[in-house]
Amino acid sequence: MTGWHTYFPHATFILRTILLLAGTGLLSFFSVLERIDAVFYDKISTIQQSLPDNNIVIVAIDEESLQTLGRWPWSRSLHAELINRLHKTGSNVIGLDILFSEPQNDPFADELLAAAIAAHGAVILPVAPVADGNVERINLVEPLSFFRENARLGHVDIELDSDGIARRVFLKAGVEEPRWPAFGLALATQSNKYMADWTDDLSETPVNTRGRWVRSHESLIPYAGQPGSFQQLSYTQVLFDDQVLSSLKNKIIIVGMTATGMGMRFATPVSPLNRQPMSGVEWHANVLNMLLHDRAIHPVADHSIGLISIIWVLTALLAVSILQRNITIPFLLILLGCGLFFVWVALRLAHIWLPPSAALLGTIAIYPLLNWRRINEFMQSLFVAKAGSNAALESVGDGVITTDARDHVIYMNRGAERIFGVTLNQVQGTLLPTILDLSKIRDGTYHESEGSDLPVLAFNVNTIQCYLKTAGGEKRAVRITRHTLRDEQEVLMGFVIAIADITDTVELTKQVAYQASYDTLTKLPNRALLLTRFEELISTVQKHGKTITAFFVTLDNFKKINDALGHRAGDELLKMVSKRLTNTAHQSSIVARWGGDEFVLLFDHLHKDDTTPQMAQKILESIRQKFRLHNQEVFVTVSIGIGFFPEDGENSEAVLERASTVMHRVKNEGGNSFGFYSAESSVAWTRDRLEFEKELRTALNEGHLQVLYQPIVDVHQRQIVRMEALVRWPHPTRGYLSPGDFLPLAESVGLMEQLGEEVLRSACTAAEKLLQAGKPVNVSVNVNPRQLLYGNFMQTLSQVLSETKLPATSLILEITESAVVSDIGRASGILIQIKALGALIALDDFGTGYSSLTLLRELPIDILKIDKSFIRALDQNLNDLTITQAIIGLGMNLNLAIIAEGVESEQQVRILLNHHCHLQQGYYFSRPVPYESLLQLMSETDLSSPMSIERLCSSVSVN
């Protein structure tokens, strides 16, 4: 304490110490420190994260599930099936983070879900507080009574801190009283019989559904890693994949939304690790993980923080007195580090969070308390250094300005006064941007842009080049360099601005830039500048939803001019053509020379159907007029290819490439005309299409394509009698692709026969397995027109039947009208050979073509499949019902089997059945499923299953 007695009167030191401790205590009550404490908590809590519990599994309602099962909301029969499957597997407990507060249109689906919840016995459902516009009153949204009767409830209230980050959970909350456990707590107490049961029997107590929302038992959440750390399975995987289902035995399952745009997502302390917010279902998983492993973090009460902060600072003062030394910056940092280490230890070992901001600020304040004389001496030395630097700056030829940290002018040398035409006394204390009249030098080309749009305060770089308008009105190019001034603790004190005149350098750069960007012959922008202007134009029009029209223009037979009159005459002609193009185009358009005798014109005001053809005709007419070269009349024409952004390409190069393709086509067809790009007339292979072809070939060769089967039901016999084979491609990056996504490519590159053979082989193999299992079911396979008419189909068919040992009578080949109308004679011969083998022939999508009755007369058809477009509105559109009834009657009179496609409702089933159409197919019975799922479906005897044929037929009266 000797140093203290030397510099301070004893009473003064005690008074300052008391003020320091009092100030530290008061700081703990300021809300501004909450944000700082939150930052400390986020950093400290993520230093050493706990691992996620392997017994917690998230079943995600993700993009894959929505694509497979259809748009949300789904039928609750799907949730019932999921619960039943998990119950059979032996899942420990299931939490459904889905509000079932309103009944669905299908009461039977609600009954199925209620029965599944009751059968499982360990299902947790959410209750949620919802504000009704009155901040003092909250509505409670609960599951329907028949759902919550056999389920436990947990609240899903998620509290966000003032910075929008979810760090804490209130384990109990409710209307007027905290009666509901948190969703994660309900899961924990249900799954762990040794955990204290916080959940009371809530079913017998009257529930207030409107009032104040009251919370209790606050805890901070130690997140188990960044978003995506918990094991996560797609809803469809659990619903359809038995192998995935078996892995969930004795697991805690949480079902919730993860699809983009659905459900809530929250920022958490671990979100910056992968820059992803956390879904609500994963937030509940973290709460559950915290409770199962007793890791809840308890915040120190507000009234205790001030006392602890005072003790903290007082301890630091005692440490300094015991060491008997003046406090230095390194020693201060050690004190701060020790304090933060204490906070970390309390957090990791005792699970207690002590906000450190007030104590840290008090610790920092110790430095000026004990070193006030050293600080005073430093300020004096700084003043002396400043006076010396001002004298040195007067000898510098360039202009120099110094400012404070907020860019207020402090000093200006004579060079700067000469440049600006003002004195230091006139501008001292004003903001520097107010005396600068600057305009941009952009992209190294030094194009001038009027306006003071370069405030020095906003400089993010040390040096910029711009134009400066002097007091005399002269515009000079200058280089402005800014240096920061910092003290020995690296605290920003101000800036030094140096201004150098570079007008001569800029003028020279302009000349070089012009030569690099413009064609020396025609003075038009060259290819490089055109592409740059095109991209700038794209950025502009995208904001307003406009279209860019690109004209790719080339001279027809330009070589004849060079051969006849020489290259100099050819150059003169190109200059004349460029002038005519410029004069014909709109003033706001861009005209550039692409190279050789090719030009490009860009427009942003033309319309495809009217003004674009008019402009093309104007250009053709302008160029057709005679030219005079070397006292000789010359006539030339042009060919024009037209492309549009964004219709014909996602960037400038793509649009110009396609416009060039059209231009060459027009030129090859005789020239003196114009044409538009279209995918049909200008087939242009892209890198993406080449990559897609390679991926398709690999998928075919390595067996990555998946064959699914959709049952065809005889509703009268109450059984599955047939199935249709449908191919899908589970692409690793492009998603789950339907045939429409890759069959056109397979047709264009000659892969249709190989693909068709693979599907045929897989379907025959599946049908043979069912036959051996005592379930004889005919399989339908679609035959592509190219596969049927232009390949060696009969040989392939015979070989597949021989290899798979499937009787031909068990095979149905489905053809469409488009497969045979182009060559009915050849198609009839092939179908007769197929019939000779014993296979059946079905006419698919019947009623949608123009030659259906002719096909029935000319071809050996066994089955008619009514197109789903007639079934979709069967119970709503009288015309569709009449057409469907006519098709059924026609088929019955011709002794043909009738199958209705696209059946999706019970009403459609009844109508079709009443009109004697017993064979039906559609999502009402089953979606396309893998072979294993089809086998299970055929063996299904559980009448409560939404897929059960017995359930279907029990609800339909069979006449």
Q: Find out whether I124 and V93 are in side-chain contact, i.e. whether some heavy atom of one side chain is under 4.5 Å from a heavy atom of the other.
A: yes
Q) How many angstroms lie between atom CZ of R148 and atom CD1 of I117, to the nearest 0.5 angstrom? A) 12.0 Å
Q. What residues form a salt bridge (charged side-chain N to carboxylate O under 4.0 Å, His left out) with R215, not counting sequence neighbours?
A. D157, E159
Q | By ring-ring contact (aromatic ring centres under 6.0 Å, His included) - contacts of W312 (at least two apart) | A | none
Q: Could I get the full list of side-chain hydrogen bond (donor to acceptor under 3.5 Å, both in side chains) partners for Y223, not counting sequence neighbours?
A: W283
Q: Measure from the side-chain N and O atoms of D294 to the backbone N and O of M290, and report whether any donor-acceptor pair falls under 3.5 Å.
A: no
Q.
R167 and side chain to side chain contact (heavy atoms under 4.5 Å, CB included): which single residue from I297, D161, L160 fits?
A. D161
Q) Who are the side chain to side chain contact (heavy atoms under 4.5 Å, CB included) partners of T89, not counting sequence neighbours? A) L245, K249
Q: Applying salt bridge (charged side-chain N to carboxylate O under 4.0 Å, His left out), name anything that partners E932, two or more places apart in sequence or on another chain.
A: none
Q.
Under the side-chain hydrogen bond (donor to acceptor under 3.5 Å, both in side chains) definition, can you give me all pairs with a residue in residues 52-66, not counting sequence neighbours?
A. D53-H293, D62-S65, D62-S234, E63-T260, S65-S234
Q: Might you confirm whether atom CZ of F266 has over 12 heavy atoms from other residues, nucleotides or ligands at distances under 6.0 Å?
A: yes
Q: Name all residues meeting the side-chain hydrogen bond (donor to acceptor under 3.5 Å, both in side chains) criterion together with S162; count only those two or more places apart in sequence or in a different chain, and write none if there are none.
A: none
Q: Could you list the residues that satisfy side-chain hydrogen bond (donor to acceptor under 3.5 Å, both in side chains) with H87, not counting sequence neighbours?
A: none
**Q.** N289 side-chain N/O to A285 backbone N/O, donor-acceptor pair under 3.5 Å
**A.** no
Q.
Could you report the tightest heavy-atom contact between V300 and S304, atom names first, then the distance?
A. CG1-CB, 3.7 Å
**Q.** Results of side-chain hydrogen bond (donor to acceptor under 3.5 Å, both in side chains) for H79 - residues two or more places apart only
**A.** Y235
Q. Partners of H298 by side chain to side chain contact (heavy atoms under 4.5 Å, CB included), sequence neighbours excluded?
A. S219, A296
Q: Mind checking side chain to side chain contact (heavy atoms under 4.5 Å, CB included) for E218 and listing every partner two or more places apart, or none if nothing turns up?
A: R168, F170, P299
Mind listing the side-chain donor-acceptor pairs of residues 94-109 below 3.5 Å, one per line with the distance, residues two or more places apart or on another chain?
residue : atom : partner : partner atom : Å
Q104    : OE1  : R76     : N            : 3.0
Q104    : NE2  : W74     : O            : 2.7
D106    : OD1  : F108    : N            : 3.1

